[in-house]
S.K.: 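Once you've had a glance at the structure underneath, I'll fire off some questions.
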Protein chains: 2
Amino acid sequence: MMLSNSSKYAVKAVLYLALHSNEDHKIMVKDIAKPINVPQAYIAKLFQQLVKESIISSTRGPKGGFYLTTENKNQSVIKILNIIDGEKRLTSCMLSLEKCDEDKPCPLHAILSPSRNKIIENLKDKTLEELALDVKQGYSYLPL
Amino acid sequence: MMLSNSSKYAVKAVLYLALHSNEDHKIMVKDIAKPINVPQAYIAKLFQQLVKESIISSTRGPKGGFYLTTENKNQSVIKILNIIDGEKRLTSCMLSLEKCDEDKPCPLHAILSPSRNKIIENLKDKTLEELALDVKQGYSYLPL
DNA sequence: TCTTAAATATGATTTTTATCATAAAATATT
DNA sequence: AATATTTTATGATAAAAATCATATTTAAGA
């Protein structure tokens with residue numbers, strides 16, 4: 001799909017934090033791995049990048065773990081994708097032509113571009129908070 | 001993106017055939033490689049799969065090469081993608097959740113699914129002929 | 001201040017995807 | 001029939017992505 005494995009994992013793991021953590025209740029990476037079905041060491045590595053970019057928060061040592069602040073929760077999902085996959089993954093030409101834009105579109109541009117732009121727009125608009133709320137309210141589902 | 005490198009190459013190469021070949025004018029793989037900027041041996045391998053699935057046609061020996069029959073040209077682009085990437089690449093859950101459908105959607109389903117379905121629909125509807133015509137008429141562009 | 005429990009940093013390994021190479025089979029031309 | 005030219009089949013190599021492992025740093029609590 002248009003998301004790498006890594007960014008899928010990252011989204012799942014961050015949403016898990018959005019649902020189950022806060023400043024007073026941090027979660028260790030080993031306790032996330034099983035419920036979302038992603039290798040523990042893999043999550044650990046992804047989380048490091050996300051902490052560095054201030055998408056998620058962490059404290060180390062005993063009683064430490066990962067969590068989301070209110071500020072964290074108000075960020076757009078697309079940030080996760082851009083950090084893990086790079087911005088180009090979502091925006092580059094579908095045939096990988098160097099020059100492909102409205103002026104000089106590739107043969108698939110007209111077919112795919114409007115829908116893809118819509119996807120990007122939707123991803124930009126949606127915050128982690130909102131996605132988590134959907135799950136809480138039973139409009140969508142996380143595990144497995 | 002949602003297309004692998006391989007299927008991008010395949011689409012480019014097949015469109016090149018659609019534009020420049022017919023039963024009476026076959027094209028050798030070595031003459032396709034340069035103009036579309038794809039390694040020759042790579043095209044050769046992709047074309048083998050496409051011949052086997054009757055997306056494109058070929059004859060070997062002197063004066064041989066690859067070409068598209070009228071029948072070939074009336075096929076949908078999506079066939080290329082499905083053969084090279086497998087059907088799941090376009091249709092599977094964006095978070096790779098096993099169970100993700102309208103009944104039990106993943107958190108990204110509502111945001112992404114409609115646009116993606118539109119993309120799939122558009123790809124199904126579009127024939128190679130039609131795409132080639134766009135290029136011929138200057139509505140879209142192929143090389144590089 | 002010592003011990004323990006967590007993240008962090010780094011890098012090694014495995015798997016997948018992309019790329020390259022070559023010998024065999026088929027066909028047109030002489 | 002022989003030769004040259006092209007696809008076909010197969011597999012080898014290289015690069016990238018995914019996964020695993022481990023030593024270091026930080027913070028809490030005794």
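Order of the sequence lines fixes the chain letters, A, B, ..., with proteins taken first and strands second; residue numbering starts at 1 for each chain.
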S.K.: Take atom NZ of Lys52(B) and atom P of dA25(C), then tell me their distance rounded to the nearest Å.
M.R.: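 Atom NZ in Lys52(B) sits about 16 Å away from atom P in dA25(C).
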S.K.: Starting the side chain at C-beta, find the nucleotide from dT7(D), dT19(D), dA21(D) nearest to Ser58(B).
M.R.: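 Side chain of Ser58(B) sits closest to dT7(D).
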S.K.: Roughly how many Å is it from OH in Tyr42(A) to C1' in dT22(D), rounded to a whole number?
M.R.: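 Between C1' of dT22(D) and OH of Tyr42(A): 19 Å.
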S.K.: Would you mind reading off the distance between Tyr9(A) atom OH and dT19(D) atom C1', rounded to a whole angstrom?
M.R.: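 Spelled out: OH on Tyr9(A) to C1' on dT19(D) is 9 Å.
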S.K.: Taking NZ from Lys26(A) and C1' from dA7(C), how many angstroms apart are they, rounded to a whole number?
M.R.: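 Between C1' of dA7(C) and NZ of Lys26(A): 12 Å.
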S.K.: How close or far is atom P of dT8(C) from atom CG of Leu50(A), stated in whole angstroms?
M.R.: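 Taking atom P of dT8(C) as the reference, CG of Leu50(A) is at 11 Å.
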S.K.: On DNA chain D, does the nearest nucleotide to Arg60(A) precede the nearest nucleotide to Val51(B) from the 5' side, or the other way round? Give the residue.
M.R.: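 Result of the comparison: Val51(B).
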S.K.: With a 4.5 Å heavy-atom cut-off, do Ile80(A) and Leu128(A) have their side chains touching?
M.R.: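 They are in contact (side-chain heavy atoms under 4.5 Å apart), so the answer is yes.
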S.K.: Looking at every strand, decide which applies to Phe66(B) at a 4.0 Å heavy-atom threshold: base, sugar-phosphate, or nothing.
M.R.: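 Sugar-phosphate contact only - Phe66(B) comes under 4.0 Å of backbone atoms but never of a base.
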S.K.: List in numerical order all residues of residues 77-86 of chain B for which some heavy atom is under 4.0 Å away from an atom belonging to DNA chain D.
M.R.: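 Nothing qualifies; none.
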S.K.: Between dA27(D) and Thr59(A), is there an OP1 or OP2 to side-chain N/O distance shorter than 4.0 Å?
M.R.: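 Thr59(A) to dA27(D) OP1/OP2: no side-chain N or O under 4.0 Å.
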S.K.: Taking N and O atoms by type only, does the side chain of Gln48(A) place a donor or acceptor under 3.5 Å from a partner on the base of dA7(C)?
M.R.: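 Side chain to base: no pair present.
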S.K.: So for atom NZ, which belongs to Lys118(B), do other residues, nucleotides or ligands contribute more than 12 heavy atoms lying within a distance under 6.0 Å?
M.R.: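 Incorrect, the count does not exceed 12.
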S.K.: Using a 4.0 Å heavy-atom cut-off, does Ile27(A) contact any base of the nucleic acid, only the sugar-phosphate backbone, or nothing at all?
M.R.: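 Counting heavy atoms under 4.0 Å across all strands, the contact made by Ile27(A) is with sugar-phosphate only.
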S.K.: Kindly indicate whether the side chain of Ser6(A), heavy atoms from C-beta on, has any atom under 4.5 Å from the side chain of Tyr42(A).
M.R.: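 Of all side-chain heavy-atom pairs linking Tyr42(A) with Ser6(A), at least one is under 4.5 Å.
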S.K.: Roughly, in whole Å, what's the span from CG in Asn5(A) to P in dT16(C)?
M.R.: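 Nearest whole value for this atom pair: 11 Å.
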S.K.: What is the minimum heavy-atom distance between Pro39(B) and Tyr9(B), and which atoms define it?
M.R.: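 So the minimum-distance heavy-atom pair works out to CD-CE1, 4.4 Å.
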S.K.: Check every atom of dA21(D), dT19(D), dT4(C) against the side chain of Pro62(A) and return the nucleotide holding the closest atom.
M.R.: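 Ranking dA21(D), dT19(D), dT4(C) by closest atom to the Pro62(A) side chain puts dT4(C) first.
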S.K.: Taking atom P of dT19(C) as reference, at what distance in whole Å does atom NZ of Lys45(B) sit?
M.R.: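 Atom NZ in Lys45(B) sits about 12 Å away from atom P in dT19(C).
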S.K.: When rounded to the nearest 0.5 angstrom, what is the spacing between CG in Asp85(B) and CD in Glu87(B)?
M.R.: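 The distance works out to 11.0 Å.
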S.K.: Which listed nucleotide (dT6(D), dA6(C), dA18(D)) is nearest to the side chain of Lys30(B)?
M.R.: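 For the Lys30(B) side chain, the nearest candidate turns out to be dT6(D).
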S.K.: Where is the tightest heavy-atom contact between Ile111(B) and Lys126(A), given as atom of each residue plus distance?
M.R.: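 Where Ile111(B) meets Lys126(A) most closely, the heavy atoms are CD1-CG, 3.6 Å.
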S.K.: Tell me the closest heavy-atom pair linking Asn22(A) and Tyr67(A), and the distance in Å.
M.R.: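 Taking Asn22(A) first and Tyr67(A) second, the nearest heavy atoms are O-CB, 3.6 Å.
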S.K.: Tell me: NZ of Lys63(A) to P of dT4(C), nearest whole Å?
M.R.: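 From Lys63(A) NZ to dT4(C) P: 17 Å.
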